[in-house]
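First the structure, in the form of structure tokens, and then the observations on it.
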Amino acid sequence: MRIATWNVNSIRTRKARVVDFLLRADIDVLAMQEIKCRPEQFPYDEFDAAGYEVIAHGTNQWNGVAIASRLPIDETVEGFDGMPGFGEADAEGLLPLEARALGASIEGVQLWSLYVPNGRELDHPHYHYKLEWLRALRAATDAWRGANPDAPVALMGDFNIAPLDIDVWDREFFEGRTHVSEPERAAFQGFLDDGFVDVVRERGVEGYTYWDYQQLRFPRNEGMRIDFILGNAEFDELVVDASIERDERKGDGPSDHVPVVVELDIETGLDDDRPMIF
DNA sequence: ATGACTAAGCGTCTTAGA
């Protein structure tokens, strides 16, 4: 069972490249971020023709997450308990909830497609939203794992955090900017403290997952490692291979992010009576 | 080539990305 995460930066613009990759890389499940569309705008036909079912969660032209799978999707969840909102408060003082989290149980594995808020600037309200969003996600994962202690869980997506100095091309360039600040790194570390493992880095995979479109960042290999697959111990022990698909940044019309892939040692399609895990 | 940003929306600029 091969699964991947990819910030596609508009699925309507990228549909041909994404479906081509799924088939070429033999991917069973893809968690997408930044689909930049509402569910009714998603290009389902292209995925269906390739044999993939899609669940999409989007509210407007920003954000948006989806999961494509050629294995049966048993349950799905939009957002998570305690997830904060952002923007203009409504009459009751509630902030709009953005489309940044989508969960699915597939072959008994709990998979999440996550698009962590960017943060924008260290003194911007979006930065505090980012930290609060991560705090709430961590609390929610504790609750799921408490309820399902044996289920493999993977948090997959664009975390918008570079945990280590080697995860950015120039640490000086990022001084005073988001993605490398101590609170953001502490928030990321919190998941590791809870027992999640960066299952890709753990297997010796190096390199960036994102290169800005501007200033020849990709040809100069001036990138960032901000897309991750964090698995609990039950997930980690299933992983037999991992990769960052750097070549997907090449050619015409690439996303600014590339796919991150893991292969799991799971015999698919054998168990028709898996327990519900949400 | 991996080459000097890209995407969406009521849109010919603005917002967002990171």
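Lettering of chains follows the sequences in order, A, B, ..., and the numbering in each one begins at 1. As a basis for the values below, the full set of heavy atoms in this structure was taken, side chains included, without hydrogen atoms, waters or symmetry mates. If you're wondering where the values come from, they're calculated on a predicted model, not measured in any experiment.
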* To do: Check whether any side-chain N or O of A:Arg120 sits under 4.0 Å from OP1 or OP2 of B:dA18, and answer yes or no.
  => no
* Salt-bridge test for A:Lys15 and A:Asp20: reply yes if a basic N is under 4.0 Å from a carboxylate O, no otherwise. => no
* To do: Would you classify A:His124 as touching base, sugar-phosphate or nothing, given that sugar-phosphate means primed atoms plus P, OP1 and OP2, and contacts are heavy atoms under 4.0 Å?
  => nothing
* Out of B:dA18, B:dT15, B:dT2, which nucleotide sits closest to the side chain of A:Trp62? -> B:dT15
* **Spacing between A:Ile11 atom CD1 and B:dT6 atom P, to the nearest angstrom** => 18 Å
* To do: Taking atom P in both B:dA4 and B:dG9, compute the distance separating them and give it to the nearest angstrom.
  => 25 Å
* Classify the nucleic acid contact of A:Thr178 as base, sugar-phosphate or nothing, counting any heavy atom under 4.0 Å across all strands shown. => nothing
* Starting at the 5' end of DNA chain B and moving along, which residue's nearest nucleotide shows up first, A:Met224 or A:Leu216? -> A:Leu216
* Look at the side-chain N and O atoms of A:Arg38 and state whether any lies under 4.0 Å from the OP1 or OP2 oxygen of B:dA8. => no
* Could you pick out which residue, A:Gln61 or A:Glu34, lies toward the 5' side of DNA chain B when each is mapped onto its nearest nucleotide? => A:Gln61
* To do: For the side chain of A:Arg12, starting at C-beta, report the closest nucleotide among B:dA18, B:dA4, B:dG9.
  => B:dG9
* To do: Have a look at A:Phe159 and say if it touches a base, only the backbone sugar-phosphate, or nothing, with a 4.0 Å heavy-atom cut-off.
  => nothing
* Can you tell me how far CG of A:Leu111 sits from CD1 of A:Ile3, rounded to the nearest 0.5 angstrom? -> 5.0 Å
* **Sidechain N-carboxylate O distance under 4.0 Å for A:Arg185, A:Glu182** => no
* Asked: So what does A:Asn160 touch, heavy atoms closer than 4.0 Å: a base, only the sugar-phosphate, or nothing?
  -> sugar-phosphate
* For A:Asp252, answer base if it contacts any base atom (sugar-phosphate contacts may also be present), sugar-phosphate if it contacts only those atoms, and nothing otherwise; contact means non-hydrogen atoms under 4.0 Å. => nothing
* Would you call A:Asp165-A:Arg171 a salt bridge at under 4.0 Å N-O? -> yes
* Asked: Which part of the nucleic acid, if any, lies within reach of A:Arg177 when heavy atoms closer than 4.0 Å are counted: base, sugar-phosphate only, or nothing?
  -> nothing
* Would you say a side-chain N or O of A:Thr13 is under 4.0 Å from OP1 or OP2 of B:dA8? -> yes
* Should A:His126 be listed as having a side-chain N or O under 4.0 Å from OP1 or OP2 of B:dA18? -> no
* A:Ile226 side-chain proximity, nearest of B:dA18, B:dA8, B:dG17 -> B:dA18
* Pick the P atom in B:dC10 and in B:dT6, then give their distance to the nearest Å. => 23 Å
* Asked: If only side-chain N and O atoms of A:Tyr115 are considered, is one of them under 4.0 Å from the OP1 or OP2 phosphate oxygen of B:dA16?
  -> no
* Going by an N to O cut-off under 4.0 Å, is there a salt bridge joining A:Glu53 and A:Arg70? -> no
* Structure fact -> Rounded to whole Å, the CG-C1' distance (A:Asn63 to B:dA7) equals 13 Å
* Charged tip of A:Arg145 within 45° of A:Phe196 ring normal and under 6.0 Å -> yes
* **Euclidean distance, atom CG of residue A:Asp256 to atom C1' of B:dA4 [Å, nearest integer]** => 16 Å
* Asked: Counting side-chain heavy atoms from C-beta on, which of B:dG17, B:dC5, B:dT2 comes nearest to A:Arg100?
  -> B:dG17
* Asked: Mind checking whether A:Phe42 and A:Tyr44 have parallel, tilted or perpendicular rings, split at 30° and 60°?
  -> tilted
* Structure fact -> Within residues 205-214 of chain A, those residues having any heavy atom closer than 4.0 Å to DNA chain B are A:Tyr210, A:Asp212, A:Tyr213, A:Gln214
* Asked: What residue among A:Tyr129, A:Trp62, A:Trp133 forms side-chain hydrogen bond (donor to acceptor under 3.5 Å, both in side chains) with A:Glu98?
  -> A:Tyr129
* Asked: Just checking A:Gly119: base, sugar-phosphate only, or nothing, at a heavy-atom cut-off of under 4.0 Å?
  -> nothing
* Is the closest basic N to carboxylate O distance between A:Glu248 and A:Arg24 below 4.0 Å? -> yes
* To do: Give A:Arg14 one of three labels, base, sugar-phosphate or nothing, depending on what nucleic acid heavy atoms sit under 4.0 Å from its own.
  => sugar-phosphate
* Separation of atom CD1 in A:Ile35 from atom P in B:dA8, rounded to whole Å -> 12 Å
* Nearest-angstrom distance from the residue atom NE2 of A:His257 to P of B:dT2 -> 20 Å
* To do: Please state whether the phosphate of B:dA16, meaning OP1 or OP2, lies under 4.0 angstrom from any side-chain nitrogen or oxygen of A:Asn9.
  => no
* **Distance between C1' atoms of B:dA18 and B:dC5 (Å, rounded)** => 12 Å
* Asked: Over how many whole Å does the gap from A:Glu222 atom CD to B:dA18 atom P extend?
  -> 18 Å
* To do: Answer with base, sugar-phosphate or nothing: what part of the nucleic acid does A:Arg217 contact at a heavy-atom distance below 4.0 Å?
  => nothing
* Structure fact -> Result for side-chain hydrogen bond (donor to acceptor under 3.5 Å, both in side chains) between A:Asn9 and one of A:Glu34, A:Gln33, A:Lys36, A:His257 points to A:Lys36
* Between A:Asn118 (CG) and B:dT15 (C1'), how many Å, whole number? -> 12 Å
* Expressed in angstrom and rounded to an integer, what is the separation of A:Arg249 atom CZ from B:dA4 atom P? -> 10 Å
